[in-house]
Amino acid sequence: MVRYYQRRSVKVPGQTIRDAVQYYATSGNQRETCTLYGLTRSMFQKYLKQDPASIPDECSQGRFKPIFSTEQEEEIISYVNCLANRFYAITRRSLGELAFQLAERNNLPHTFRNGTASEGWINSFLGRHEDILSLRTGTPTSFARVTEFARGPVYRFFDLLEEIVSAKGFTADTIFNMDETGLTVVPSKQPKRIAQKGRRSLPVIVAKERGELCTILCSFSANGKYIPPMFIFPKKAKNINYANAPAESIHAISDRGWSNSECFVKWLKHFRKFASDSQGTNVLLLVDNHGSHICYEAVKYCRSHRIELLTLPPHSTHKLQPLDVGLFSPLKAKYSEYLVKWHFENQNKIPRVEDIPAIFRLAYEAASKRETAINAFRATGIWQYNMHTEEWKPNRHVFDEEFSEQESSLTDSVSSSNGASDIDSPPDSPDSELIPDTPDPVPIWPSSHTLASVDTQPQSKKQLLRLRRESLVPYSSSSEDEEEIEQIDLTVEIREVQENDDSLVASGELPETNVPPVETILHMAKASTSKASHFTVGPFELESELVNLDPKEKPCSKRKPRPKLAAEHMTSDENMSRLRTKELNSKRKRTSSDSEDKRQTRSTTVASKLSLRSGKRL
């Protein structure tokens with residue numbers, strides 16, 4: 001098949017051909033009939049010999065026949081979209097291999113070779129469905145982010161947020177987000193350069209293959225107020241060029257340029273100075289679960305200086321952290337741009353980590369716009385404008401559409417083979433008010449909903465779709481007018497239950513005893529051949545044969561597993577008491593006589609080993 005084949009004739013409805021056959025029966029002139037009905041003579045002669053009842057509803061006038069029918073291509077599209085919703089989006093080569101396998105297993109005539117469809121077929125397939133499918137660059141998302149970003153932890157975070165906002169009366173001026181990002185003197189992405197045509201390579205000078213890290217602590221409010229940044233340099237950084245740094249910014253030193261508890265406490269003092277005009281104003285600070293953010297010294301300082309500290313759910317900062325959503329991407333792009341410009345203006349010089357503040361200032365001034373901060377808080381749902389109540393408040397339903405798509409993609413194949421009903425999706429909701437030059441609006445404020453019960457066909461043993469969470473933290477909804485929304489994770493498991501067991505389910509509170517862990521994520525059940533399939537062996541059947549969907553055995557480890565984290569109000573009385581007890585226990589261990597004996601014994605052992613190696617006596 002020609003790679004870039006263009007169809008010259010349009011398809012003809014089958015009813016037109018039937019009318020042409022009837023007209024020819026009376027006229028007896030093929031040329032006149034084909035001219036009158038706009039048909040090619042070869043096509044008319046082909047269908048003239050057939051029974052009119054067997055003529056399809058749509059007929060092609062060319063001699064090239066498609067390998068897959070329209071219904072079969074729609075089934076391929078459905079499978080491709082299902083893979084994308086399961087975080088395993090298909091590539092062009094994989095699409096060609098899938099088409100080859102479907103043609104071979106279903107005994108369809110084709111011209112594919114070498115185990116894959118041709119580039120021409122792939123281009124034609126994507127061109128025919130360009131309104132549905134497109135080539136996209138995937139965003140790397142860790143397995144932990146996929147498993148942990150679910151409805152339960154997100155709703156629990158919004159419960160705490162709504163409770164704190166209503167109790168303290170926080171507004172857009174007093175809600176802040178803080179996060180760190182790392183910068184080096186090596187551009188993360190090189191821009192396109194202009195050079196002589198025909199060159200094989202174009203070397204470009206950079207400082208090093210891998211630059212030293214400088215950590216930047218940034219913060220802004222829901223009203224678009226920016227706190228001057230803080231720089232953390234490695235210990236060996238000297239003669240820091242701080243004359244051209246952003247105004248009112250500060251810096252600190254750590255061993256490797258990473259953030260630690262001491263640096264964070266120093267930043268908190270800097271933050272308290274610029275967060276509000278009065279030191280007595282309560283402010284809310286949203287941070288992630290990094291150890292330096294929840295240490296005893298930091299929480300103690302926040303408690304005594306009217307800073308409410310609320311942590312985000314683990315592995316959800318790519319969706320819930322306003323700085324990650326709105327600022328850091330354009331900021332790093334601008335930084336790389338000005339770093340390349342610095343190289344051009346300072347030829348024969350190598351940038352050092354001490355030069356980062358001067359380069360960063362230009363990028364920070366270009367990226368730190370008020371609209372960026374407001375839209376970042378709006379996109380995460382932490383602070384949105386409700387057009388019905390005409391007030392700004394948190395919105396927990398901002399990700400409901402995404403959760404519903406992920407859940408439905410996992411249950412579609414299961415429900416089609418087991419007779420399960422579809423999960424109700426939340427109704428459409430009005431758009432939030434946008435700030436000028438903003439991305440597309442995010443739907444907000446849908447009405448609360450619960451999952452429909454999943455019924456199965458009456459059998460001696462039924463297949464029950466059970467949605468569970470491994471680390472769901474029980475909570476109760478803080479909104480009185482809402483129904484209890486059932487918590488769903490992205491994990492689907494098929495279990496055999498007794499006939500009289502009609503329990504489904506994923507509720508907001510799960511029992512803490514005998515809840516087995518979820519072995520795998522995105523486990524797609526084997527889809528049996530249904531009547532709706534237009535293949536003898538469809539894409540889902542091929543996947544069940546070719547892809548290993550069984551959970552792997554977990555490696556045995558003697559290490560104690562880390563405790564599961566969740567969104568917490570760190571400055572609450574309960575958490576403050578827990579941190580104080582933990583700090584006292586740690587201090588007692590460091591100062592006790594037993595610890596001194598152990599430390600002395602360990603030192604003696606190390607010294608004795610060194611003496612044996614060197615042959616010297618102590």
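- Inspection of the Asn282 and Glu308 side chains reveals no N or O donor paired with an N or O acceptor under 3.5 Å.
- Using a distance-only test at 3.5 Å, with no hydrogens or angles considered, a donor-acceptor pair links the side chain of Ser336 to the main chain of Lys332.
- The nearest pair of heavy atoms linking Val353 to Phe233 is O-CE2, 3.5 Å.
- With a 4.5 Å cut-off on side-chain heavy atoms, Asp288 and Met178 do not count as touching.
- Residues Val340 and Pro191 come closest through the heavy atom pair CG2-CD, 4.0 Å.
- Once rounded to the nearest 0.5 Å, the distance linking CH2 of Trp383 with CH2 of Trp392 reads 9.0 Å.
- Checking each of Leu579, Leu310, Asn289, Leu285 against Met570 for a side chain to side chain contact (heavy atoms under 4.5 Å, CB included) leaves exactly one that passes, namely Leu579.
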Show which side-chain atoms of residues 129-141 pair as donor or acceptor with protein atoms under 3.5 Å away, not counting sequence neighbours.
| unit_1 | atom_1 | unit_2 | atom_2 | d |
| --- | --- | --- | --- | --- |
| His129 | NE2 | Glu73 | OE1 | 2.8 |
| Thr141 | OG1 | Thr139 | O | 3.1 |

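- The structure places OH of Tyr335 at 11.0 Å from CG of Leu362, a figure rounded to the nearest 0.5 Å.
- No side-chain donor from either of Gln279 and His305 sits under 3.5 Å from a side-chain acceptor of the other.
- Pairs of residues two or more places apart, or lying in two chains, that qualify as side chain to side chain donor-acceptor pair (under 3.5 Å) and include a residue from residues 349-361 are Arg361-Glu365.
- Residues Tyr226 and Ala367 share a closest heavy-atom pair of OH-O, 4.3 Å.
- Aromatic ring pairs are classed by plane angle as parallel below 30°, tilted from 30° to 60° and perpendicular above 60°; the pair Trp267 and Phe264 is parallel.
- For the residue pair His569 and Thr571, a side-chain donor N or O sits within less than 3.5 Å of a side-chain acceptor on the partner.
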Legend entry - CA sep, side-chain torsions, deciding dist, call: Arg303, Asp573, salt bridge (charged side-chain N to carboxylate O under 4.0 Å, His left out): CA-CA 9 Å; Arg303 176 91 172 191; Asp573 296 337; 2.4 Å; yes
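- Side chain of Tyr364 to backbone of Ile359: no donor-acceptor contact under 3.5 angstrom is found.
- In terms of heavy atoms, Phe360 sits closest to Pro229 at CE2-CG, 4.1 Å.
- The environment of CD in Glu345 is crowded: more than 12 heavy-atom neighbours from other residues, nucleotides or ligands sit within 6.0 Å.
- When every heavy atom of Ala222 is checked against every heavy atom of Ile374, the shortest pair comes out as O-CG1, 3.6 Å.
- The main-chain N or O of Ile227 is never found under 3.5 Å from a side-chain atom of Ser219 such that the two would form a donor-acceptor pair.
- A cation-pi contact links Arg396 to Tyr155, judged by a cut-off of 6.0 Å to the six-membered ring centre and 45° from its axis.
- Salt bridge status for Lys300 with Glu583: absent, with no side-chain N to carboxylate O gap under 4.0 Å.
- A donor-acceptor pair is defined here as one N or O able to donate and one able to accept, closer than 3.5 Å; such a pair exists between the side chain of His270 and the backbone of Pro228.
- Between Ser249 and Tyr242, the side chains place a donor N or O and an acceptor N or O closer than 3.5 Å (distance only, hydrogens not considered).
- Checking Glu180 against His293 by side-chain atom types alone, a donor-acceptor pair falls below 3.5 Å.
- The OG1 atom of Thr181 sits 8.0 Å away from atom CG of Asp324, with the distance rounded to the nearest 0.5 Å.
- Ion pairing between Glu402 and Lys319 holds under the 4.0 Å rule for side-chain N and carboxylate O.
- Tyr88 contributes atom OH, which lies 10.5 Å from atom CG of Leu83 (distance to the nearest 0.5 angstrom).
- Expressed to the nearest 0.5 Å, how far CZ of Phe377 lies from CG of Leu286 amounts to 6.0 Å.
- By the 6.0 Å contact criterion, CD on Glu337 is enclosed, its count of non-hydrogen atoms from other residues, nucleotides or ligands being greater than 12.
- Inspection of the Asn223 and Arg370 side chains reveals an N or O donor paired with an N or O acceptor under 3.5 Å.
- A side-chain donor-acceptor contact under 3.5 Å links Ser572 and Asn575.
- In this structure, Phe149 and Phe403 have tilted ring planes: the angle between them lies in the 30° to 60° band.
- Neither side chain, Lys235 nor Ser254, offers a donor N or O lying under 3.5 Å from an acceptor on the other.
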Inset, instruction - Walk me through it: do Ser78 and Asn81 pass the test side chain to side chain donor-acceptor pair (under 3.5 Å)? - result: CA-CA 5 Å; Ser78 176; Asn81 290 333; over 6 Å; no
